[in-house]
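See below for the structure under consideration.
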Amino acid sequence: MKTLTNKIIQKTLLIGSCLFLFSTASFSQAAAATPNKSDTIMGIPYFIKIGEGTGGVKLGSSNIDDVQKIFGEGKIKTETSKRMGKTYTEKTINYKKQGLKFFALNDNTSIIYCIEVSMPNARTEKDILIGVSTQEDVLKAYGEPSYRSPGSLEYDGMGVVFEFNNGKVSSVLLSQKK
């Protein structure tokens, strides 16, 4: 009887140890996938500053040359788009691997006026993570938007649009606060 009891205790301890190790490994992986506000990619902070910029690029004061100093040479394209019945021409520089696209004025200053961030796990100051946070998370963090559609929440006064794909934040469009 003592031997049977010892075997049951040993099996229980073994199963308990396996469950503990599995849960610890899962927790460690989840923690590793969620960056801190001080984490960086290529030395650039993941942190998105709503209405200000990201990765050392400041909206309204940094230009395309500044972007290239930080992220390296990139192909600058001139794009034309129509919005609200007007035609706009702008310069863009896209860093797909980093999940960043910069929009600049099409003049000799090339000032950055908009940044699209789609970098997985990049986070805002209110802990909204790209690829992780939901529309409900954004609403809890930032409140009611100026405009909403099934695929986006737009906060005019803050200078940010959150775009969604499959229920998760897929990108954050930054512009200067109004």
Evaluate the side-chain proximity of Ile130 to Asn121: yes if any heavy-atom separation is below 4.5 Å, no if none is. no
What's the separation between atom NZ in Lys69 and atom CD1 in Ile64, rounded to the nearest 0.5 Å? 13.0 Å
Donor-acceptor under 3.5 Å (Thr124 side chain, Ile128 main chain): yes
Tightest non-hydrogen contact, residues Ile48 and Ala122, listed as CD1-CB, 3.9 Å
Validation row: Ser62, Ile70 side chains within 4.5 angstrom (heavy atoms): no
Val132 vs Val169 side-chain heavy atoms within contact, under 4.5 Å: no
Testing the 3.5 Å rule here: is there a donor-acceptor pair between the side chains of Lys91 and Ser110? yes
So do Leu173 and Val160 actually touch side chain to side chain, heavy atoms under 4.5 Å? no
Kindly work out whether a path of hydrophobic side-chain contacts (I/L/V/M/F/W/Y, heavy atoms less than 4.5 Å apart) joins Val161 to Phe164. no
Would you say Arg123 and Phe47 make side-chain contact, with heavy atoms under 4.5 Å? yes
Nearest 0.5 Å please: distance from the CE atom of Met119 over to the NZ atom of Lys96. 16.0 Å
Rounded distance (nearest 0.5 Å) linking atom OG of Ser175 with atom CD of Glu116: 12.5 Å
Determine, using ring centers only, whether Phe71 and Phe102 are less than 6.0 Å apart. yes
Do Gln68 side-chain atoms and Gly74 backbone N/O form a donor-acceptor pair below 3.5 Å? yes
Heavy-atom side-chain contact between Tyr113 and Leu105 under 4.5 Å: yes
More than 12 non-hydrogen atoms from neighbouring residues, nucleotides or ligands closer than 6.0 Å to NZ on Lys140, yes or no? no
Any non-hydrogen side-chain atom of Gln135 less than 4.5 Å from a side-chain atom of Leu153? yes
Tell me whether the guanidinium CZ or amine NZ of Lys126 lies under 6.0 angstrom from the six-membered ring centre of Tyr142 and within 45° of its axis. yes
What's the spacing between Asn94 CG and Glu79 CD if we round to 0.5 Å? 8.5 Å
Any idea how Phe162 and Tyr155 line up, ring-wise: parallel (<30°), tilted (30 to 60°), or perpendicular (>60°)? perpendicular
Taking only residues two or more places apart in sequence or in another chain, which ones pass salt bridge (charged side-chain N to carboxylate O under 4.0 Å, His left out) with Glu154? none
Indicate whether any N or O donor in one side chain lies under 3.5 Å from an N or O acceptor in the other, for Ser171 and Glu163. yes
Give me each pair satisfying salt bridge (Lys or Arg N to Asp or Glu O under 4.0 Å) with a member in residues 55-65, each pair once, sequence neighbours excluded. none
Side chain proximity check, Ile115 to Leu59, heavy atoms < 4.5 angstrom: yes
For Lys101 and Thr92, run side-chain contact (heavy atoms from CB on, under 4.5 Å): C-alpha distance rounded to whole Å, both residues' side-chain angles, the deciding distance at 0.1 Å, then the answer. CA-CA 7 Å; Lys101 185 174 183 179; Thr92 62; 4.0 Å; yes
What residues form a salt bridge (charged side-chain N to carboxylate O under 4.0 Å, His left out) with Glu73, not counting sequence neighbours? none
